[in-house]
Structures are given as structure tokens and as C-alpha cells.
A.B. asks: 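Starting off with a structure, shown below.
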Number of protein chains: 2
Amino acid sequence: MADIDKNNENRKLTIGDIADELGLSKTTISRAISGKGRISDETKRRVQEYIKEHDYRPNLIAKSLAESKTFNLGVVLPSDTNLAETPFFQSCLMGICEVAASHDYDVVVTTVTEDDIALLKRIIFNHKVDGVILTRSLAHDLPVQFLKENKIPFVVVGSTEDEDVVQIDSNHSAACAELTSILLVSGNENLALLAGNQEHIVNKNRMKGFIEGHKNISKKANDNLIFTGMNNKALIDRAIDRIMMYQVDCIVCTDDLICSRVLARLNELNYSVPADIKVASFYNSTFLENHNPPVTAININVKELGVAAGERLIKLIAGEEEKQKELINYEIVLKKSTK
Amino acid sequence: MADIDKNNENRKLTIGDIADELGLSKTTISRAISGKGRISDETKRRVQEYIKEHDYRPNLIAKSLAESKTFNLGVVLPSDTNLAETPFFQSCLMGICEVAASHDYDVVVTTVTEDDIALLKRIIFNHKVDGVILTRSLAHDLPVQFLKENKIPFVVVGSTEDEDVVQIDSNHSAACAELTSILLVSGNENLALLAGNQEHIVNKNRMKGFIEGHKNISKKANDNLIFTGMNNKALIDRAIDRIMMYQVDCIVCTDDLICSRVLARLNELNYSVPADIKVASFYNSTFLENHNPPVTAININVKELGVAAGERLIKLIAGEEEKQKELINYEIVLKKSTK
DNA sequence: GTGAAAGCGCTAACAG
DNA sequence: CTGTTAGCGCTTTCAC
């Protein structure tokens, strides 16, 4: 008989069970839960009491199917090896998880490389997510192109030239310009820049800031002292050799990874910071803070970036359009490495 | 008429559409796709050809509902702040994503803190995942307790005393014992240990290894030189002051975060490594490799750990039981910091 | 070898 | 204010 099933302790409680138990219809139960549609306070109360008491948990899968919504946000992390070393993505993810949960969403993560977005395609074609957050921005951005083509709501943490794309970023070029100007007016005649992969928009913007920081005080950056594509130890070491042949006062790095190698190399060569040469970074990290001497850098609250991205995506999914670009604050932290 | 709907370009192709189009039943299409049940090679071929041609994507949500399976693995990341700085979790996650995708699973992440597992409860009660991977192991482990009570398949990356729990880890105590012995027999009389939070099983095991490393060569670790709970700068600095009053030859740290602070502090105090004092770490990182001098440490392939965990969980979900504990290899890397 | 029909648990017109 | 009914897209008995 049917009761056998219903009495089975392992069986999860459904909306139908509650309906039977309370002598109501499934619709009414559904309404009591969602609050949609008209329903008397009395029945609503009865239903909600029953739910509390019996610890009912709605089946989100069923809801998903009925509403064609997954209540999942997709987060795309780069799996290009060197990037896994950056705490940036992790902090950002934490922020996203936090907002997601507070809006009753969950987070599905997937990885891509610069030229392989198969795993992103997977979660889209399998209908696993309602929208996507990209955690970096590239010059030739496959994910952006793909998501636009497929009309999937998405936001990017970072900046792009593409005006239709919703972007959440800190104002890297402004921040870098500001720090650069500060360095220049505080007695540093010649700055050298060690910049990362120019395929990454963030690095481009930081370099732009470096150049603007010069312009802002009517100087011109020395092209011979700008090194791009500093992806590995060997390249950085070679750049430093070149730099030390000029009258450079301060080495500026676009990120903490480059900076960390720069500091190690200077140490190896027995140069002392800041006595022999100063060092600053456009991206802060605990390592740079812990370093001796502590390193001047630009601080951004990455988790907040994730939170903002999550909130925007959820609004986008709900169909609420807003301004396309959102900037979060930064902070310039002057430390001993440039004093 | 019904055709209006069917001709709608935006509508996703369903199993029913294919059935109509090919003059077959939904059942047959389903069988052709899954390979389950009897079906003629000819029809199977026809269906698969149609699918390729029209780029059909099955709706996993519907499949989930029908099979009561989500095809999602839950990954629990700690959101206790200091841990976000560790690339460990990120690398581990990359590994999990990789296996997941290769087995047609996706990855849902959540966060917990030492004493708040509300977000883990969320994904379980909402039926968002078929199983869970815990990425750290605590002495008083709320997630483990909760998952056991609710009979959810799960594996932990790390070790626990609880024998029923499926564990994937590297053999920390053995590795640490080995490194400790090596240090002792190569001329270091007195070793000091700076250990992290003992609530984390991994730190306990590393400390155990440190002590065993002494025993193995018939020595005894000096209790006065073992410092636990080294969670912050101030505590570490104070420990170092104490250490420098003894005849310590080498400072051993349980992880790279502690080690990074140790190196910075020694530098501040104008001690030179390895001339004045040697330094080693039980956990390697790019920072320690990039440091000058490079730091002796224990290397483990974290991504591999994630891969193993993912594979085990997928088997567990499929109902395949296996041995409870799995150890992956480690490697001891001797560098200049202890020479 | 194939199909009809029921069902997974929920939502959403449409009636009353 | 509440119930009836159909449906989301797929799987799975059970017949034929």
C-alpha cells in the first residue's frame, strides 16, 4: 500500500506530503512557502508551523526544473599555473560565496586557460548556472566572446574596452598613476617598471597608470626602463641587471609576484633596499607586508570586489540593468621600501 | 498551434523534439543517449547523428530530478582569514575541478569557519551536491560530524583519527620526521620548532614528525624549543627572541607562512641565514623557493591531492568502497638555507 | 527492439 | 482564498 512509502523514515518530505497531512493542496503549500499569490494568514501559519516542526527542505532541483533557473552562479578561475599562486582569486571567491549564500544562490566553479574554455562551455551547455563571473580580463577574451554569443548574463572582475560588458574593478590606472606621481615628487628621478604579461588587461592598465603618473607632473616615462612580459625569474633577473646600469632610483613592479622575485634578486646581488635602490609594487600581499623592509604598494579589498561582482550578477539575472562599470576603492600604502 | 513553440529558435532542443522529428519515442531517444536498455544499432546511430547535427544538449536538471542525483561535488573551503593566503586550497580546488569535469561532474564550493558550518548545511539540505570534499581537518571537526550524521558521502583532504573517514593526505609525520633526522645528522645539534595552531590536525602531525625525527636517531627534542600556536607576527617575533638566547642551529617551521615571518624577523634583527642560523619549512611554496637564500622544505603535489580526493569521492558516490586512507608522495628539497 | 505512461517535486495558469 | 490541472525534461517500469 501507498502508506509504506510515506512512512519510510528515509524518504524526504515533499510538498505533497504536507498537503495530504494538512488536508490542503500542493498549490496552497507552495504559496505558503513562497509567499506568492493570495493565501490566508491562518493557513500560511499552519503550513509554516508544520514545516518548522518536521524540518521540511524544499527540493531545489525540482524548483529549478519548474522555473528553469538553477540558483547557481558560475565562477571562472584561471588554471594557468602561475596564477594559482595568487591569493587574489581565492579572496575574490570567498566574497562571491558570501553574497551568493545570502541571496540563496550557490557557487559552481570551473577553470579555463587563456586558450581553452571547454570547461566553461560545459557548465553553460549543461544548464548548471544562471550567470557567470569572470575573475580576470584578457585582451583576447574567449570567455567574454562565448558568453555574449550565448546571451548568458555575466560580469567580469577586471576591466575591458568592451562597453557592453559589466565590469567590477578597482581603478588600477588611477591608483598606479597616483603612486607613480607620489614617488616622482618625493625625490625619485628615474623609475623603472617591471610589468607582467600584457595580454592581461590589468597589467596594461597598471602600465598606463605608470605613464600617466609621469605626465601628471609633466615628466615623461623612460621607455628604456619599462620591461613587459616579466613572467619568469630569468627575465626579471636580466631586467634587473639592465636597470642597475642606469641611474634608477626606484623599481616599480606591477604585481607582488614580480616584486617578490625582484627583492630576492636584489638581495642576491647584495643591494640594499631602500638604501641602494627603492622598490614599490602596484599590488599588495601579506608577503610584501611581512618583508623586511615592508614594501610600498597599492591595497585593494579583493573580497569586496567579489562581493560587488556577486551582487551585480544576481541583479543582472533578475533582469535589473545598471551602469556598466563599477569601481571599488584602493589605498596607497607607503612603507619603508621607498623611504 | 503547437508548432509555433517548436519553431521558436530560442527554445532548447529536448528529447521529445528529437523523438517527433525522427518518428521515435522519447524512451528510445533516451536509450540511444544513455546506452542503457536494448536498442538496435541502426536507430542508435540515427539518433546520435541527429544529436551531433543539431547540437542537442541534455538538460541535466531534468536528469537530476529523475535520478535524484545532482552530478555536483561539494568542496568546502575554510574562510578563516589567514588561510585565504595559502595557495594550498586553490591548487587543491584546481585538481578537483579537473577530475570532476572528466567524470561529468561539476564543483560547488562553500565556505565554513572553525565554528560555523551553516553554509555547508545549506548545500546539503538544498540537495545541491552528491558528496563533499573537506579540504582541511580539525581536531573538533564540525563538518565531519555533520556529514556522518546525515550519511552524506565525503572524503577529507588531510588526516583524522576517525577510522571510518576516507582520508587523502601526504604522510606529513613521516616526511617531517625524515627532514628532521636529516637536519640532525648533518651537524645541527639543536633544532627549534615553530608550529601553527594545534587545532589543525596537519600541524599536530608535523609536530609529531619533528619529535619522531629526533627519536629515530636516538635523540630527544627539547621541549623548551617547541613553540605552538604561532598564528601571528607578534608571537613569532617573541619566540624568535627566545630562540636566539639558546644555542639553536636551525629553526624549523610547520608552514611557509610562519617561515616567511621568521625570515623577515631574522633579517630585521640582522641575523644572516644560513651563516648565523639555519631555517627550514615543513611546507614549500614559491615564496620560499624565490627567497634568498632558497629555503629547505617539504614539497607535496597539492593538485594531485585534489585529483585523488575527487576520484575517491566519485567512487564513493557510485557506491564503491575502498581502503579508508590514501597517501600521496612527498619530496624533501634541501636548499641553501640549511647548508 | 520499441513505446506508453507514470513519476521525480515543484510552479503557474486558470477556475471556482 | 483555495484547488485542479498541466507541465518543466528526463528516466524507468511494464507491456507489446
Side-chain angles (χ1 to χ4, degrees), chain A residues 2 4-6 8 10-48 50-51 54-71 104 125-128 130, chain B residues 2 4-6 8 10-48 50-51 54-71 104 125-128 130:
Chain A
I4 289 176
D5 249 26
K6 303 224 171 153
N8 182 338
N10 286 331
R11 225 176 114 281
K12 306 269 174 173
L13 206 57
T14 76
I15 221 174
D17 301 333
I18 305 180
D20 291 352
E21 210 61 43
L22 262 43
L24 293 166
S25 75
K26 295 199 299 176
T27 319
T28 308
I29 310 298
S30 176
R31 281 200 271 254
I33 293 169
S34 67
K36 291 177 190 168
R38 291 175 311 194
I39 188 171
S40 78
D41 287 346
E42 169 56 11
T43 36
K44 183 188 272 185
R45 200 196 49 68
R46 270 181 68 210
V47 173
Q48 292 190 329
Y50 188 95
I51 282 175
H54 295 74
D55 200 40
Y56 162 76
R57 309 282 175 174
N59 183 329
L60 277 206
I61 309 277
K63 186 174 165 140
S64 290
L65 183 57
E67 293 185 6
S68 338
K69 262 198 81 176
T70 64
F71 301 97
D104 261 294
F125 290 142
N126 283 345
H127 310 101
K128 284 281 197 155
D130 297 333
Chain B
I4 288 176
D5 250 27
K6 303 222 170 153
N8 182 339
N10 286 330
R11 226 174 113 280
K12 306 268 175 176
L13 206 56
T14 77
I15 220 175
D17 301 333
I18 306 180
D20 292 352
E21 210 62 42
L22 262 43
L24 292 166
S25 75
K26 295 199 298 177
T27 319
T28 307
I29 310 300
S30 176
R31 282 200 270 254
I33 293 169
S34 67
K36 291 176 190 169
R38 292 175 311 192
I39 187 171
S40 78
D41 287 346
E42 169 57 11
T43 38
K44 183 188 272 184
R45 199 196 49 68
R46 270 180 68 211
V47 172
Q48 292 190 329
Y50 187 95
I51 283 176
H54 295 73
D55 200 39
Y56 162 77
R57 309 280 176 175
N59 183 328
L60 277 207
I61 308 279
K63 186 172 166 145
S64 289
L65 183 57
E67 292 184 5
S68 337
K69 262 197 82 178
T70 65
F71 301 97
D104 261 293
F125 290 142
N126 282 346
H127 311 101
K128 285 280 198 157
D130 297 332

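Letters go in sequence order (proteins before strands), and every chain restarts at 1.
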A.B. asks: When you measure from the side chain of T43(B), which nucleotide among dC8(C), dG7(D), dT2(C) comes out closest?
C.D. replies: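 That would be dT2(C).
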A.B. asks: Between Y56(A) and dG9(C), does any side-chain N or O lie under 4.0 Å from OP1 or OP2?
C.D. replies: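 The answer is no; no side-chain N or O of Y56(A) sits under 4.0 Å from OP1 or OP2.
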A.B. asks: dC10(C), dT12(D), dG1(C): which one has an atom nearest the side-chain heavy atoms of S40(B)?
C.D. replies: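 Out of dC10(C), dT12(D), dG1(C), the nucleotide with an atom closest to S40(B)'s side chain is dG1(C).
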A.B. asks: Show, in sequence, the C-alpha distance, side-chain angles and deciding distance for I51(B) and I18(B), and conclude whether the side chain to side chain contact (heavy atoms under 4.5 Å, CB included) test is met.
C.D. replies: CA-CA 8 Å; I51(B) 283 176; I18(B) 306 180; 4.0 Å; yes
A.B. asks: Check the distance between dT2(C)'s P and K44(B)'s NZ and give it to me in whole angstrom.
C.D. replies: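 Answer to the nearest Å: 11 Å.
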A.B. asks: Cut-off 3.5 Å, side chains only: do T27(B) and S30(B) have a donor facing an acceptor?
C.D. replies: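 No, because no side-chain N or O of T27(B) sits under 3.5 Å from a partner of the opposite role on S30(B).
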A.B. asks: Give the minimum heavy-atom separation between E67(A) and K36(A), together with the two atoms involved.
C.D. replies: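 It is OE2-NZ, 4.4 Å.
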A.B. asks: Give each protein N/O atom lying under 3.5 Å from an N/O atom of nucleotides 3-5 of chain D, with the pair distance.
C.D. replies:
from	atom 1	to	atom 2	distance (Å)
dG3(D)	OP2	S25(A)	N	3.0
dG3(D)	OP2	S25(A)	OG	3.3
dG3(D)	OP2	T28(A)	OG1	2.6
dG3(D)	N7	R31(A)	NH2	3.0
dG3(D)	O6	R31(A)	NH1	3.4
dG3(D)	O6	R31(A)	NH2	3.2
dT4(D)	O4	T27(A)	OG1	2.8

A.B. asks: Identify the two heavy atoms, one from K128(B) and one from F71(A), that lie closest to each other, and give their separation to 0.1 Å.
C.D. replies: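 So the minimum-distance heavy-atom pair works out to NZ-O, 3.1 Å.
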A.B. asks: Taking all non-hydrogen atoms of both residues into account, name the closest pair between L13(B) and H54(B) and its distance.
C.D. replies: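 Shortest heavy-atom separation between L13(B) and H54(B) comes out as CD2-CB, 3.7 Å.
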A.B. asks: Mind calculating the distance between CD (E42(B)) and P (dG1(C)) to the nearest angstrom?
C.D. replies: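 That distance rounds to 13 Å.
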A.B. asks: Measure the distance from CD1 on I15(B) to C1' on dA5(C) and round it to the nearest whole Å.
C.D. replies: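 My rounded result for the distance is 15 Å.
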A.B. asks: Taking salt bridge (Lys or Arg N to Asp or Glu O under 4.0 Å) as the definition, give me every residue that meets it alongside K26(A), ordered by chain and number, with sequence neighbours left out.
C.D. replies: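 Result, salt bridge (Lys or Arg N to Asp or Glu O under 4.0 Å) vs K26(A): none returned.
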A.B. asks: Specify the separation, in whole Å, of atom CG of N59(B) and atom C1' of dC8(D).
C.D. replies: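 After rounding, the reported distance stands at 8 Å.
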A.B. asks: Looking only at heavy atoms, which two atoms of Y50(B) and L22(B) are closest? And how far apart?
C.D. replies: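 Heavy atoms only, the tightest pair is CD1-CD1, 3.4 Å.
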A.B. asks: Send over the distance from F71(B) CZ to dT11(D) C1', rounded to a whole Å.
C.D. replies: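 Checked: the CZ to C1' distance equals 11 Å.
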A.B. asks: Report the distance from atom CD of E67(B) to atom C1' of dC10(D), rounded to the nearest whole Å.
C.D. replies: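 Rounded to whole Å, this separation is 8 Å.
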A.B. asks: Specify the separation, in whole Å, of atom NZ of K63(B) and atom C1' of dC8(C).
C.D. replies: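 Rounding to the nearest Å, NZ of K63(B) and C1' of dC8(C) are 14 Å apart.
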A.B. asks: Can you identify which nucleotide, out of dG9(D), dC10(C), dC10(D), has its nearest atom closest to the P58(A) side chain?
C.D. replies: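 The listed nucleotide nearest to P58(A)'s side chain is dC10(C).
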A.B. asks: When you get a sec, tell me which of dT11(D), dG1(C), dC8(C) is the closest nucleotide to the side chain of R38(B)?
C.D. replies: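 The answer is dG1(C).
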A.B. asks: How many Å lie between CD1 on I61(B) and P on dC8(C), as a whole number?
C.D. replies: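 Computing the I61(B):CD1 to dC8(C):P distance gives 18 Å.
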